[in-house]
> 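The structure under discussion is supplied below as structure tokens; questions concerning it will follow.
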2 protein chains.
Amino acid sequence: MHIKDLTIEQLEEAANMLKAIAHPMRIAILSYLEDGKKLTVTEIHELLKIEQSTTSHHLGILKDKGVLCSKREGKNTYYFLKHANLSNIVNCVSKCTMG
Amino acid sequence: MHIKDLTIEQLEEAANMLKAIAHPMRIAILSYLEDGKKLTVTEIHELLKIEQSTTSHHLGILKDKGVLCSKREGKNTYYFLKHANLSNIVNCVSKCTMG
DNA sequence: TAGACAAATGCAAATATATAAATATATTAT
DNA sequence: ATAATATATTTATATATTTGCATTTGTCTA
């Protein structure tokens, strides 16, 4: 199956995933979740120096659009990449901006 | 240099590129521009069956954000990928939605 | 069960985006 | 110069997104 054969629904799903990623803070979040790393909301909120609720909101968007998964452990909720190869997207677009 | 070392400006540039791509019609446009292919506005407008002005608008966004380049030849303007590896982004996200 | 900590949600204001219709500009041919 | 074709821009309306504050929900521990 080839990209050109995607239905409008599949194009929309792909667009929604990319739209979820297409935000400076959310790209930063993904960059911290490479190699199967799992981080809590608080850890990300402190790493990025943004509000807890804003962090939670961003994570919710990424989860809702199928980019991240979450797993509750006690008081904490760990977030991690749903598909390892999603790091490629961030790597690829980063490369375009870095060089 | 690693992704995590991106400045806020670079994160924003990367986000702007992804935001430009993150639209069903614009993903479809990129899928037609694989392998260095060059297409005119009219060709894309007919392939995608969307308004000419809408097509031009989408192409303008992709060009403005550094995803596409354009080259005028007579009456026609040909659009093509700025970086070949940008196809990877579309391929990657497509794979996630296809299966 | 009360208190502390972690995360998620509802809300509102500011900002950004999408679409199409109408119009404008650029290029070629007659 | 004028007409025809290809693109681009302007404009307006509708819709979506971002952010932080305040609040709520969930979980553990004393």
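Everything quoted here is computed from the prediction, not taken from an experiment.
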> How close or far is atom C1' of D:dT17 from atom CE of A:M25, stated in whole angstroms?
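Spelled out: CE on A:M25 to C1' on D:dT17 is 15 Å.
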
> Looking for any heavy atom pair under 4.0 Å, which part of the strands does B:Y79 touch: base, sugar-phosphate only, or nothing?
sugar-phosphate

> Report the distance from atom CG of B:N16 to atom P of D:dT18, rounded to the nearest whole Å.
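Interatomic distance, CG of B:N16 to P of D:dT18: 12 Å.
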
> Taking the six-membered ring of A:F80 (Phe, Tyr or Trp), confirm whether the NZ or CZ of A:K38 is under 6.0 Å from its centre and within 45° of its axis.
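Yes, a cation-pi geometry holds between A:K38 and A:F80.
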
> Return the residues of residues 38-53 of chain B meeting this criterion: a heavy atom under 4.0 Å from some atom of DNA chain D. Order them by number, or give none.
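Here the set is B:T40, B:V41, B:T42, B:Q52, B:S53.
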
> Can you give me the closest heavy-atom contact between B:V93 and A:A14, atom names plus distance?
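So the minimum-distance heavy-atom pair works out to CG2-O, 3.7 Å.
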
> Mind checking whether B:L48 and B:L81 sit in one hydrophobic cluster, side chains of I, L, V, M, F, W, Y counted as touching below 4.5 Å?
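Yes.
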
> Grab the two heavy atoms, one from B:N88 and one from A:C92, that are nearest each other, plus how far apart they are.
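Heavy atoms of B:N88 and A:C92 come nearest at CB-SG, 4.3 Å.
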
> Over all strands shown, is B:T54 touching base, sugar-phosphate only, or nothing at heavy-atom distances under 4.0 angstrom?
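B:T54: base contact, heavy atoms under 4.0 Å.
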
> Can you check the A:H58 NE2 to D:dG20 P distance for me, whole Å?
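In whole Å, D:dG20 P and A:H58 NE2 are 8 Å from each other.
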
> What is the distance, rounded to the nearest whole Å, between atom CG of B:L59 and atom C1' of C:dT19?
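Taking atom C1' of C:dT19 as the reference, CG of B:L59 is at 15 Å.
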
> I need a per-nucleotide contact map over nucleotides 24-30 of chain D, read 5' to 3'. Cutoff is protein heavy atoms under 4.0 Å; write B for the base, S for backbone only, - otherwise.
---BS--

> Rounded to the Å, how far apart are A:K63 NZ and C:dT9 P?
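The distance from NZ of A:K63 to P of C:dT9 comes to 9 Å, rounded to the nearest Å.
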
> Taking OP1 and OP2 of D:dT7, is either one under 4.0 Å from a side-chain nitrogen or oxygen of B:N76?
yes

> Quick test of your reading: applying ring-ring contact (aromatic ring centres under 6.0 Å, His included), list the pairs with at least one residue in residues 12-70 of chain A, sequence neighbours left out, ordered by first then second residue.
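The answer is A:H23-A:H58.
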
> Would you mind reading off the distance between B:I21 atom CD1 and C:dT17 atom P, rounded to a whole angstrom?
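Atom CD1 in B:I21 sits about 15 Å away from atom P in C:dT17.
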
> Tell me: NE2 of B:H23 to P of D:dT17, nearest whole Å?
11 Å

> Side chain of A:N91, backbone of A:S87: donor and acceptor closer than 3.5 Å?
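It does hold such a pair.
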
> Rounded to whole Å, how long is the line connecting atom CG of B:D64 with atom P of C:dA16?
14 Å

> Ignoring backbone atoms, establish whether B:S56 has a side-chain N or O less than 4.0 Å from OP1 or OP2 of D:dA8.
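For B:S56, the contact criterion (side-chain N or O under 4.0 Å from OP1 or OP2 of D:dA8) is met.
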
> Of the candidate nucleotides D:dT9, C:dT19, D:dT18, which contains the atom at the shortest distance from the side chain of A:H57?
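Of the options given, the side chain of A:H57 lies nearest D:dT18.
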
